[in-house]
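The block underneath contains the structure these notes are about, expressed in structure tokens.
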Amino acid sequence: METIYDFTLPKGYMDTNGEIHKRGKMRLATAGDEISAARDPRVVSNPSYLSIAVLGKVITELEGVSMITPGIIEGFFTADLAFLQDMYQKINDVEPPEIAVVCSSCGERMMVPVNFTAED
């Protein structure tokens with residue numbers, strides 16, 4: 001299973017010296033990443049900060065940048081932030097489990113998603 005993914009930012013992060021950094025790595029998120037990000041005081045006071053806090057945890061490398069923090073993520077151009085948010089969703093997306101069923105009316109066999117939250 002792949003847990004670390006390479007990326008290249010569309011615009012690139014411009015550091016305080018004017019250097020552009022484009023290539024990096026993002027790892028799969030854990031439940032702990034999302035829980036600790038949700039407890040971040042910046043997220044508590046501004047829930048829209050959650051994606052920045054989470055990205056600050058799961059981006060493990062950005063070429064030429066020694067440490068990735070939410071402050072670094074704040075400095076990304078909006079095109080790069082949107083790119084990384086989309087990438088995060090894609091690599092952490094989990095398909096719901098499916099179960100094989102047979103229609104009682106027509107006998108057709110099919111796969112249907114399991115809904116663990118259904119209240120039937």
Side-chain angles (χ1 to χ4, degrees):
M1 180 172 94
E2 190 172 358
T3 61
I4 298 178
Y5 298 82
D6 294 325
F7 64 82
T8 301
L9 296 173
K11 302 283 184 199
Y13 167 67
M14 184 184 303
D15 65 21
T16 56
N17 297 322
E19 292 182 48
I20 301 293
H21 309 272
K22 287 189 166 195
R23 289 179 292 166
K25 296 181 184 286
M26 181 186 296
R27 66 172 172 76
L28 290 176
T30 65
D33 294 328
E34 295 200 357
I35 291 167
S36 66
R39 291 181 179 156
D40 185 306
R42 294 166 292 197
V43 174
V44 172
S45 65
N46 181 1
S48 63
Y49 197 84
L50 179 63
S51 66
I52 291 171
V54 170
L55 288 173
K57 293 180 178 301
V58 299
I59 296 173
T60 59
E61 289 181 30
L62 187 59
E63 67 176 346
V65 178
S66 60
M67 190 163 81
I68 309 302
T69 64
I72 297 290
I73 307 297
E74 286 177 20
F76 285 2
F77 295 112
T78 56
D80 293 330
L81 181 60
F83 170 84
L84 290 167
Q85 289 169 327
D86 183 58
M87 180 180 175
Y88 178 89
Q89 288 296 325
K90 286 178 181 171
I91 70 171
N92 288 289
D93 187 29
V94 177
E95 293 290 323
E98 293 185 330
I99 186 169
V101 297
V102 177
C103 177
S104 60
S105 299
C106 68
E108 180 183 354
R109 294 176 184 269
M110 64 189 96
M111 298 296 289
V112 297
V114 176
N115 183 350
F116 293 108
T117 60
E119 296 180 21
D120 291 330

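Please read all numbers here as calculations on a predicted model, not as lab measurements. Heads up: numbering here begins at 1 and tracks the sequence.
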In the hydrophobic clustering that connects Ile, Leu, Val, Met, Phe, Trp and Tyr at side-chain heavy-atom distances below 4.5 Å, which members other than Val102 occupy its cluster, ordered by chain and number?
none

Among residues at least two apart in sequence or on other chains, which ones pass side chain to side chain contact (heavy atoms under 4.5 Å, CB included) with Asn17?
Asp15, Glu19

Give me each pair satisfying salt bridge (charged side-chain N to carboxylate O under 4.0 Å, His left out) with a member in residues 28-40, each pair once, sequence neighbours excluded.
Arg27-Asp33, Asp40-Arg42

With a cut-off of 3.5 Å and sequence neighbours excluded, list every side-chain donor-acceptor pair involving residues 6-14.
{"from": "Asp6", "atom 1": "OD1", "to": "Lys25", "atom 2": "NZ", "distance (Å)": "2.7"}

What residues, two or more places apart in sequence or in another chain, satisfy side chain to side chain contact (heavy atoms under 4.5 Å, CB included) together with Thr3?
Met1, Leu28

Does anything in residues 45-74 pair up under salt bridge (charged side-chain N to carboxylate O under 4.0 Å, His left out), and if so which pairs, sequence neighbours excluded?
Arg23-Glu63

So how far is it from Thr69 OG1 to Ile59 CD1, rounded to the nearest 0.5 Å?
10.5 Å

Heavy-atom closest pair (Ala53 atom, Val43 atom, distance to 0.1 Å) is CB-CG2, 3.9 Å

Interatomic distance, Ile52 atom CD1 to Ile73 atom CD1 [nearest 0.5 angstrom]:
8.0 Å

With sequence neighbours left out, write down each residue that passes side chain to side chain contact (heavy atoms under 4.5 Å, CB included) with Met111, or none if nothing qualifies.
Glu98, Ala100

ILVMFWY clustering at 4.5 Å (side-chain atoms), partners of Val44:
none

Where is the tightest heavy-atom contact between Ala29 and Tyr88, given as atom of each residue plus distance?
CB-OH, 3.3 Å

Going by the rule side chain to side chain donor-acceptor pair (under 3.5 Å), which residues pair with Ser48 if we only count those two or more places apart in sequence or in a different chain?
Asn46

Can you run down the side chain to side chain donor-acceptor pair (under 3.5 Å) pairs that involve residues 75-85, sequence neighbours left out, and say none if there aren't any?
Ser51-Gln85

Distance from Leu55 atom CG to Ile72 atom CD1, nearest 0.5 Å?
13.0 Å

